[in-house]
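Report on the structure given below.
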Number of protein chains: 2
Amino acid sequence: MRNTEQRRVILEELVKVVSHPTAVEIYEMVRKRLPRVSLGTIYRNLEILAQNGTIQKLEVAGTQKRFDGNATRHYHVRCLSCGRVDDVPVPPIAAINDAAGEATNYDVLWHHVEFEGICPRCQKGREKVAQPGGAEVRSNANEGAVRLSTEV
Amino acid sequence: MRNTEQRRVILEELVKVVSHPTAVEIYEMVRKRLPRVSLGTIYRNLEILAQNGTIQKLEVAGTQKRFDGNATRHYHVRCLSCGRVDDVPVPPIAAINDAAGEATNYDVLWHHVEFEGICPRCQKGREKVAQPGGAEVRSNANEGAVRLSTEV
DNA sequence: GTATTTGCAAATACTTTGCAAAACC
DNA sequence: GGTTTTGCAAAGTATTTGCAAATAC
């Protein structure tokens, strides 16, 4: 895999934010640094990076796929009002894979959890806002950004 | 809401199967009984029935939405090999909503769980089959079809 | 009789792909 | 220099919508 500027910038921008942007949102972010980048390149590279395990492609509710610069598996929560998607810093419950396997005879490998609710902003009256309020910078500050524990 | 034949047949066909068909699969099922039905009508009615709470629109991984004639909330498992989606007869863990709420400051209302693994058929060698093996009739037989307990 | 719903077709939304030129190693 | 990747544009897939005719109540 070649180290192209486009690929590098896409990854840098995605890792920089805690939001879970769509391909088009990433396109807008990258375009500020590489104005001639194309949307096709964004999609191609996000796919490659996801295959790689460098990032995660999220299959959350809604029409667009979202991408997560944190490749460690973790749960997500989606705001029913504004659509934003946040991480849920709670240890994944690996044990339920076995229970599901017994109940279905599937060989269960993993699971995804998507909580739904109302985010703190929307609780404070900013209701029915369609657009998530732009990309937020990833930080280690303690603004609810509890560290994810390792998978159980 | 009017009781049209199309709407009635769509619901009947959906409730009849344990698979979680896509709109196009439902279209094919309904078309056998109402050959002149249109795909637009299928989409419009599935949307109405889901709003209603009569059925569920599932946001599972993949490009197409799937529909579930069982409106009670329950978990699902998806086969990584053939793509089929089955119910997981395990009681939902309502308690984790609170944990997620505390961890994120969201007002968490509910959650969805999607297990992923390999279904019994694919374990037996039928690998890499793209098409789920057709609609299966819903039954109360004990072929793994454990009754779902009520939401906790 | 009137409002809802249908079938049809066109439009929309998101993502993928073909191809020649450019970039990487 | 040969292969991978890019930008661009066109195509593909899933879903939604406008509208006149048909249907339910």
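A note on names: the letters A, B, ... follow the listed sequences, proteins ahead of strands, and every chain is numbered from 1.
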Exercise. Looking only at non-hydrogen atoms, find the nearest pair between B:D107 and A:Q123 and report the distance.
Key: N-NE2, 2.9 Å
Quiz prompt | Residues touching DNA chain D, which here means a heavy atom under 4.0 Å, drawn from residues 35-44 of chain A | solution = A:R36, A:V37, A:S38, A:T41, A:R44
Exercise. Begin from the C-alpha positions of A:E5 and A:R33 and carry the test salt bridge (Lys or Arg N to Asp or Glu O under 4.0 Å) through to its verdict.
Key: CA-CA 10 Å; A:E5 187 166 21; A:R33 293 174 57 184; over 6 Å; no
Quiz item: Distance from A:E116 atom CD to B:Y106 atom OH, nearest 0.5 Å?
Solution: 11.5 Å
Quiz item: To the nearest 0.5 Å, how far apart are CG in A:N105 and CD1 in B:I118?
Solution: 14.0 Å
Self-check item: Length of the NZ-P vector between B:K65 and C:dA13, whole Å
Solution: 15 Å
Quiz prompt | Residue of the set A:L46, A:L58, A:I42 for which side chain to side chain contact (heavy atoms under 4.5 Å, CB included) holds with A:F67 | solution = A:L46
Short heteroatom pairs, N/O only, protein and nucleotides 23-25 of chain C, under 3.5 Å:
from	atom 1	to	atom 2	distance (Å)
C:dC24	O2	A:R2	NH1	2.9
C:dC24	O2	A:R2	NH2	3.1
C:dC25	OP1	A:N3	N	3.0

Quiz item: What are the bounds, 5' to 3', of the part of DNA chain D that sits under 4.0 Å from heavy atoms of chain B?
Solution: D:dA14 to D:dC25
Quiz item: Quick one: CG on B:L80 to CZ on B:R78, what's the gap to the nearest 0.5 Å?
Solution: 5.5 Å
Self-check item: Gap separating the CD atom of B:Q56 from the CG atom of B:L14, nearest 0.5 angstrom
Solution: 10.5 Å
Self-check item: Contact list for DNA chain C against residues 48-60 of chain A - heavy-atom distance below 4.0 Å
Solution: none
Quiz item: Does the pair A:K32/A:E13 count as a salt bridge with the N-to-O cut at 4.0 Å?
Solution: no
Let me check something: any side-chain donor-acceptor pairs from residues 91-102 of chain B under 3.5 Å, sequence neighbours excluded? List them with distances.
from	atom 1	to	atom 2	distance (Å)
B:N97	OD1	B:H111	ND1	2.8

Practice problem: Please give the nucleotide sitting opposite D:dT6 as a Watson-Crick or G-U wobble pair, both distances under 3.5 Å, or none. | Solution: C:dA20
Practice problem: Among B:K57, B:H74, B:R73, find the residue that satisfies the side chain to side chain donor-acceptor pair (under 3.5 Å) test when tested with B:D68. | Solution: B:H74
Quiz item: How would you list, by chain and number, every residue that makes a side chain to side chain donor-acceptor pair (under 3.5 Å) with A:Q64, sequence neighbours excluded?
Solution: none
Exercise. Identify the two heavy atoms, one from A:V108 and one from B:F115, that lie closest to each other, and give their separation to 0.1 Å.
Key: CG1-CD2, 3.7 Å
